[in-house]
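The block underneath contains the structure these notes are about, expressed in structure tokens.
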Amino acid sequence: MNRIFSGIQPTAKMHIGNYLGAVRHWVRLQDQFDAIFCVVDLHALTVPQDPEELRTATRELAATLIAAGIDPKRSILFVQSHVAAHTELAWLFSCVAPLGWLNRMTQFKEKAGKKREQAFLGLYSYPVLMAADILAYLATHVPVGEDQKQHLELTREIAGSFNHRYGVEFFPLPEPQILGSATRVMSLRDGTAKMSKSDPSDFSRINMTDDADAIALKFRKARTDPEPLPSEPAGLEGRPEAANLLTIYAALADISPAEALARCGGAQFSTFKAELADLAAAKLSPIAAELRRLLADPGYVEGVLRDGAVRARAIADPVMERTREIMGTLRV
Ligand code: TYM
């Protein structure tokens with residue numbers, strides 16, 4: 001049986017990078033897979049969080065996922081800290097993952113920066129928790145953006161090494177699904193940096209809750225170069241900001257970048273940015289409206305998450321039981 005698992009951090013508001021790179025594919029994949037989606041609050045705790053803000057962000061992110069089209073009847077939607085299997089399996093995996101594998105992780109190096117000695121152990125072992133998230137459900141496919149590819153490779157290595165060490169075929173080696181053209185949406189202020197929830201400038205990203213005016217303003221202020229848009233994809237080479245806006249346009253319009261250029265090639269940025277803003281507002285405003293409706297009913301969202309956790313535990317608990325048995329813990 002094929003099962004997908006994916007996660008998203010409640011560190012701040014969800015942005016269109018998350019949506020175009022991951023979440024919109026999750027919505028579609030619900031038709032083809034047994035699907036599990038997780039708000040990974042324990043991953044958010046790897047950097048300092050205000051407790052009340054984290055709680056609010058967790059509830060709002062779950063609501064945003066439902067508003068974007070995650071159907072909690074068909075799929076399982078839950079919060080990571082509600083299912084203890086994640087942390088337990090992360091510990092067990094930390095006993096089979098060599099330090100050398102973790103030392104290769106570029107996200108840790110970027111996030112810890114020069115303050116490596118002060119970075120928390122949790123930030124370092126973050127990818128082990130991610131492997132546990134996926135493998136606690138024996139998930140076979142993981143739809144993510146490009147930035148998570150290295151973590152997925154580590155997950156496969158951990159699964160393979162566990163199976164080899166214990167002579168079992170227990171954990172699957174999950175396949176990353178990096179889908180569509182918007183696998184890495186870049187900052188609106190710098191076409192070489194990933195659009196990110198942690199960028200201090202709100203002008204670097206379009207949030208799912210931005211209204212039409214905010215969207216128009218942010219695209220108008222987005223960095224570009226003085227040339228008009230080319231008519232062929234090759235003309236975007238060396239023009240990261242132009243390429244990024246075009247990628248966003250194509251993903252929102254559900255067409256290929258080449259088709260987008262056939263439509264918009266030759267346009268000046270002033271014209272193209274206005275069209276892009278209209279398209280983004282048209283796509284995002286129904287989601288924002290549904291989100292407002294859901295936030296007015298927090299009891300509903302919390303009920304969904306409670307139910308999701310029960311269904312998640314029903315899958316993860318037997319996996320944990322078998323994992324402990326394979327590793328040699330005593331059952332009495
Ligand atoms: P997170 O919360 O940073 O991002 C959630 C999803 O959005 C994708 N994404 C992007 N895609 C395109 N362009 C961007 N600028 C962009 N920014 C983010 C991410 O690739 C991701 O798919 N470690 C993960 C969360 C996680 C997880 C998991 C994912 C925890 N456990 C298990 C899959 C399976 C993260 O921090 O994603």
Legend entry - His151-Tyr126 aromatic ring centre distance below 6.0 Å: yes
Inset, instruction - Verify the ring-centre separation between His25 and Tyr19: is it less than 6.0 angstrom? - result: no
Inset, instruction - Hey, could you give me the CE/OG distance between Met130 and Ser125, rounded to the nearest 0.5 Å? - result: 13.5 Å
Legend entry - Glu325 and Arg331 ion-paired at < 4.0 Å: no
Inset, instruction - Find the distance between CD1 (Ile66) and CD1 (Ile287) and round it off to the nearest 0.5 Å. - result: 13.0 Å
Inset, instruction - Indicate whether the side chain of Ser81 and that of Asp41 have a donor and an acceptor atom separated by less than 3.5 Å. - result: yes
Inset, instruction - Using only heavy-atom distances, determine whether the side chains of Asp133 and Gln80 contain a donor-acceptor pair under 3.5 Å. - result: yes
Legend entry - Over 12 non-hydrogen atoms of neighbours within 6.0 angstrom of CD in Gln32: yes
Legend entry - For the student: nearest non-hydrogen atoms of Arg3 and Tyr137, plus distance: NH1-O, 2.5 Å
Inset, instruction - Check the angle between the aromatic planes of Phe108 and Tyr124 and answer parallel, tilted or perpendicular using the 30° and 60° thresholds. - result: perpendicular
Legend entry - Pro143 backbone acceptor or donor facing Ser6 side chain under 3.5 Å: yes
Legend entry - No-hydrogen, no-angle side-chain donor-acceptor test under 3.5 Å, Thr106 and Gln150: yes
Legend entry - CZ-CG distance between Arg324 and Leu330, expressed to the nearest 0.5 angstrom: 12.5 Å
Inset, instruction - Could you tell me if the ring centre of Phe272 sits under 6.0 Å from that of Tyr249? - result: yes
Legend entry - Distance, nearest 0.5 Å, that separates CG of Leu291 from CG of Leu284: 11.5 Å
Inset, instruction - Verify whether one side chain among Ser256 and Glu259 offers a donor that lies under 3.5 Å from an acceptor in the other. - result: yes
Inset, instruction - Would you mind checking if Glu146 and Lys194 are paired as a salt bridge, meaning a charged N to carboxylate O distance below 4.0 Å? - result: no
Legend entry - Salt-bridge criterion met for Asp297 and Arg292 (N-O under 4.0 Å): no
Legend entry - Note: Asp199-Arg205 ion pair, threshold 4.0 Å (strictly below): no
Legend entry - Flag if over 12 foreign heavy atoms under 6.0 Å of NZ, Lys109: yes
Inset, instruction - Identify whether the distance between the nearest side-chain nitrogen and carboxylate oxygen of Arg104 and Glu157 falls below 4.0 Å. - result: yes
Inset, instruction - May I ask you to decide if Arg220's main-chain N or O and Lys273's side chain share a donor-acceptor pair within less than 3.5 Å? - result: yes
Inset, instruction - Determine, for Lys218 against Asp210, whether the closest basic-nitrogen to carboxylate-oxygen distance falls under 4.0 angstrom. - result: yes
Legend entry - Ser75 versus Gln30, side-chain donor and acceptor atoms under 3.5 Å: yes
Inset, instruction - Run the salt-bridge test on Arg156 and Glu153 with the 4.0 Å N-O cut-off and return the result as yes or no. - result: no
Inset, instruction - Kindly assign one of parallel, tilted or perpendicular to the pair Phe93 and Phe171, based on the angle between their ring planes and the thresholds 30° and 60°. - result: perpendicular
